[in-house]
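To start, the structure under review is shown below, and the notes come after it.
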Amino acid sequence: MSERQIELEVLRYRPEMDDKPFFQTYSVPCQEEWVVLDALNYVKDEMDRTLSYRWSCHMFVCGSCGMAINGEPKLACKAFLRDYQTKIRIEPLSNFPIERDLVIVQDDFIEKLESVKPYIIPKQEKPIDQGEYLQTPAQLKAYKQYSMCINCLLCYSACPQYALEEKFIGPAALALAHRYNMDSRDVGRSAREHVVASHDGIWACSFVGACSQVCPKDVDPAGAIQQVKFTSAVDYLTSFLPGGKR
Amino acid sequence: MARSAKAVPWFLFAAGGTVIAFILPVMIFITGIAPAIGLFGDALSYETMHAFVGNWLIKLILLGIIVLAAWHAAHRLRVCAHDFGIRADGAVSIVVYGLAAIASAATVVALLMI
Ligand code: SF4
């Protein structure tokens, strides 16, 4: 195992003592196979206990360790040091307020996520003793990709529309709305429509596609939004026909 | 929140995008590049093309292609203006969709005159 000295330039901000964010450099002895998160953990354990950042699973499942690594939104557990030069700049995800150091305030996203009702709305609630809702493999495939989202917020950080328009519901929440709309057990599409197909919903997306490029779980939120645009546009136009849903 | 009427220009935009991606390059080749490099000989002469476009079905198809492409371009420009930080969506919409409407009307007139 070879060791490599890495210079981590980490953005620090502790609201109670720092007027504004600044960069602090740590020189970290790293193993070749480490990821950026390992290097941060080394700093925390061995060099500076005051550094704050979120992490939990270390295996791209929990979605906690999203940060900007050399300016690119990444999961720190998926960013291998071997892909970087000696100097690595680490900042909190952009487009969100900083809570502390690399920790961002997620409230805006949580509110938006709640607004699209991200849960199954069944036609009729059935008692547990009546068993499961059955689904065919094809019905599962219709939404599975969109259900892989781990709420890591890399897509919000990459999205130029969200940067310009903070009211934009945004990639992950819209992709999750689509996930439930596509679920055969769900009948909530019209209940979500008034948020999803509003001015600040899908129609604020200009299909730049940065969200899908940075998504660590290949959710393809941009693709999901395009599909929702099509169905919502059909809904909107047919709503003027006799018998159309308003 | 209310459902947005953006569905309407978006449909024209989506249809126009398909036209621009698949049909426009072929049209440019057939009407622009091919005659210029002398391909297909007389088949693309002014007279034959003129007679071809005189057909009503062809007129209708051309109208569809040009109008959809114009509305696509208009919507694209509206979104671009937004991306560039121009915060006047109402005014921008009037200008770009207005231009698309003028282009559409001009196409109708031009086709009727053939
Ligand atoms: S869609 Fe992808 S990038 Fe966005 S929050 Fe979900 S997993 Fe992360």
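Computed over heavy atoms, backbone and side chain alike; hydrogens, waters and symmetry mates excluded. Just so we're on the same page: letters track the sequence lines, and every chain starts at 1.
Take B:Lys6 and apply the salt bridge (Lys or Arg N to Asp or Glu O under 4.0 Å) test, not counting sequence neighbours, and it matches no residue.
With a 4.5 angstrom heavy-atom cutoff, B:His75 does not touch chain A via any of its atoms. Of the atoms belonging to A:Val196, not a single heavy atom falls under 4.5 Å from chain B.
Atom CD of A:Glu166 has 12 or fewer heavy atoms from other residues, nucleotides or ligands within 6.0 Å. Atom NZ of A:Lys78 has more than 12 heavy atoms from other residues, nucleotides or ligands within 6.0 Å. With a 6.0 Å radius and a threshold of 12 heavy atoms from other residues, nucleotides or ligands, A:Lys126 has its NZ atom above the threshold. In B:Tyr46, the OH atom is not crowded: 12 or fewer heavy atoms of neighbouring residues, nucleotides or ligands sit closer than 6.0 Å. At most 12 non-hydrogen atoms from other residues, nucleotides or ligands lie less than 6.0 angstrom from CZ of B:Phe52.
Rounded to the nearest 0.5 angstrom, A:Tyr236 OH and B:Trp10 CH2 are separated by 14.5 Å.
In this structure, the ring of B:Phe11 has its center less than 6.0 angstrom from the ring center of A:Phe230.
A:Ala233 approaches B:Ala7 most closely through the heavy-atom pair CA-CB, 3.7 Å. Here the shortest heavy-atom pairing between B:Arg87 and A:Leu164 reads NH1-O, 3.6 Å. Closest approach of A:Ser206 to B:Arg76, counting heavy atoms only: O-NH2, 3.6 Å.
By number of non-hydrogen pairs under 4.5 angstrom with chain A, the leading residue of B:Cys80, B:Ser4, B:Ala14 is B:Ser4.
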